[in-house]
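Please read the structure below before turning to the comments.
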Amino acid sequence: MSYVPSHKTTLGDPIAQPNALTVIEHTGSTTQTVVVGNKVNIGTIHNWYSNFNPVISNNIFTLPSGYYYYLETNVQSYKVGSVSNWSLMTISFQHYDETNSSNIGTEASNYGNYGNSADNFLHNRDECAKALIDCTSSSRDISIKILSNAGNYDRINYNSGQGYSGLGRTVTWQLDP
């Protein structure tokens, strides 16, 4: 991306400044399994810029009308216990438009291998699902769904004290139309 000095406001802020920037923390647990078609558990809202608090119910968040939204989601995956032999592990996930019953944006994957000293396989899908959503005329209900589970990953957003994998998150940019 090129820097263009004329694309700044009189205050020096970038012209593409969001109306609000919010992070939805995924709910950590030791029991959320990787099941194709299931929604990822989401919870705590953190306002990083301005104040936007989407309504969350049953692991679905509502994006209010009047704005565009850009979403980036990362789901953390984990294998509990050990695997008896070398194993390739991949899960994929994507934003799901509950209002229109369809996957939206880009699909993402977590990829790893177990029992091999080097990660020497090519894998070219992003680990972050992305979506640009037009809510200028109506609100939309959004979730994050597991699309596939190939291999031995068996937990997501695992928060055990031992073998902590980290927590997933959905970063939400609220953009003026």
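Since the model is a prediction, treat every value here as computed from it, not as a measurement.
Qualifying side-chain hydrogen bond (donor to acceptor under 3.5 Å, both in side chains) partners for Lys145, counting only residues two or more places apart in sequence or in other chains: none. Residues meeting the side-chain hydrogen bond (donor to acceptor under 3.5 Å, both in side chains) test with Thr22, sequence neighbours left out: Asn47. Shown here are the side-chain hydrogen bond (donor to acceptor under 3.5 Å, both in side chains) partners of Asp97, two or more places apart in sequence or in another chain: Asn100, Arg140. Considering only residues two or more places apart in sequence or on other chains, Asn74 meets the side-chain contact (heavy atoms from CB on, under 4.5 Å) condition with Gln76, Glu127, Arg169.
We find the OG-CD distance between Ser50 and Gln17 to be 9.0 Å, quoted to the nearest 0.5 Å. Atom OH of Tyr153 sits about 4.5 Å away from atom CE of Met89, to the nearest 0.5 Å. Note that OG of Ser29 is 9.5 Å distant from CG of Leu167, once rounded to the nearest 0.5 Å. Note: Asp141 CG to Ile56 CD1 = 12.0 Å, rounded to the nearest 0.5 Å. The structure places OG1 of Thr99 at 10.0 Å from OH of Tyr96, a figure rounded to the nearest 0.5 Å.
With hydrogens and angles ignored, the 3.5 Å screen pairs no side-chain donor or acceptor of Gln94 with any backbone N or O of Ala129. At least one donor-acceptor pair under 3.5 Å links the side chain of Asn157 to the backbone N or O of Gly168.
Defined by atom type and a distance below 3.5 Å, a donor-acceptor pair is missing between the side-chain atoms of Thr90 and Ser109. Side chain to side chain, Tyr70 and Glu72 meet the donor-acceptor criterion of an N or O pair below 3.5 Å.
The two residues Ser139 and Thr62 make their nearest non-hydrogen contact at CB-CG2, 4.2 Å. Heavy-atom minimum distance, Cys128 versus Thr106: O-OG1, 4.1 Å. Pairing each heavy atom of Ser137 with each of Ser65, the nearest pair is C-CB, 4.1 Å. Summarising the geometry of Phe52 relative to Ala20, their closest heavy-atom pair is CB-CB, 3.5 Å, with the distance given to 0.1 Å.
In this structure, Ile45 is a member of the same hydrophobic cluster as Ile133, with clusters built from ILVMFWY side-chain heavy atoms closer than 4.5 Å. Under the 4.5 Å side-chain heavy-atom criterion for Ile, Leu, Val, Met, Phe, Trp and Tyr, Ile60 and Ile104 are members of distinct hydrophobic clusters. Using a 4.5 Å cut-off between side-chain heavy atoms of Ile, Leu, Val, Met, Phe, Trp and Tyr, with links allowed through other members, Val55 and Leu71 fall into different hydrophobic clusters.
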What pairs of donor and acceptor atoms, side-chain ones from residues 170-177 against any protein atom, are under 3.5 angstrom apart with sequence neighbours left out?
from	atom 1	to	atom 2	distance (Å)
Thr170	OG1	His26	NE2	3.0
Thr170	OG1	Thr73	OG1	2.9
Gln174	OE1	Asn19	ND2	2.6
Gln174	NE2	Tyr69	OH	3.1

Can I get a per-line list of side-chain donor-acceptor pairs under 3.5 Å for residues 30-44, giving both atom names and the distance, sequence neighbours left out?
from	atom 1	to	atom 2	distance (Å)
Gln32	OE1	Asn41	ND2	3.2
Gln32	NE2	Lys39	O	3.3
Lys39	NZ	Asn58	O	3.3
Asn41	OD1	Asn59	ND2	3.1

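A side-chain contact (heavy atoms from CB on, under 4.5 Å) with Phe93 is found for one member of Asn103, Asn149, Asn110, Ile156 and no other, namely Asn110.
Between Asp154 and Lys79, some side-chain heavy-atom pair lies under the 4.5 Å cut-off.
Identified under the salt bridge (Lys or Arg N to Asp or Glu O under 4.0 Å) test for residues 21-30, with sequence neighbours left out: none.
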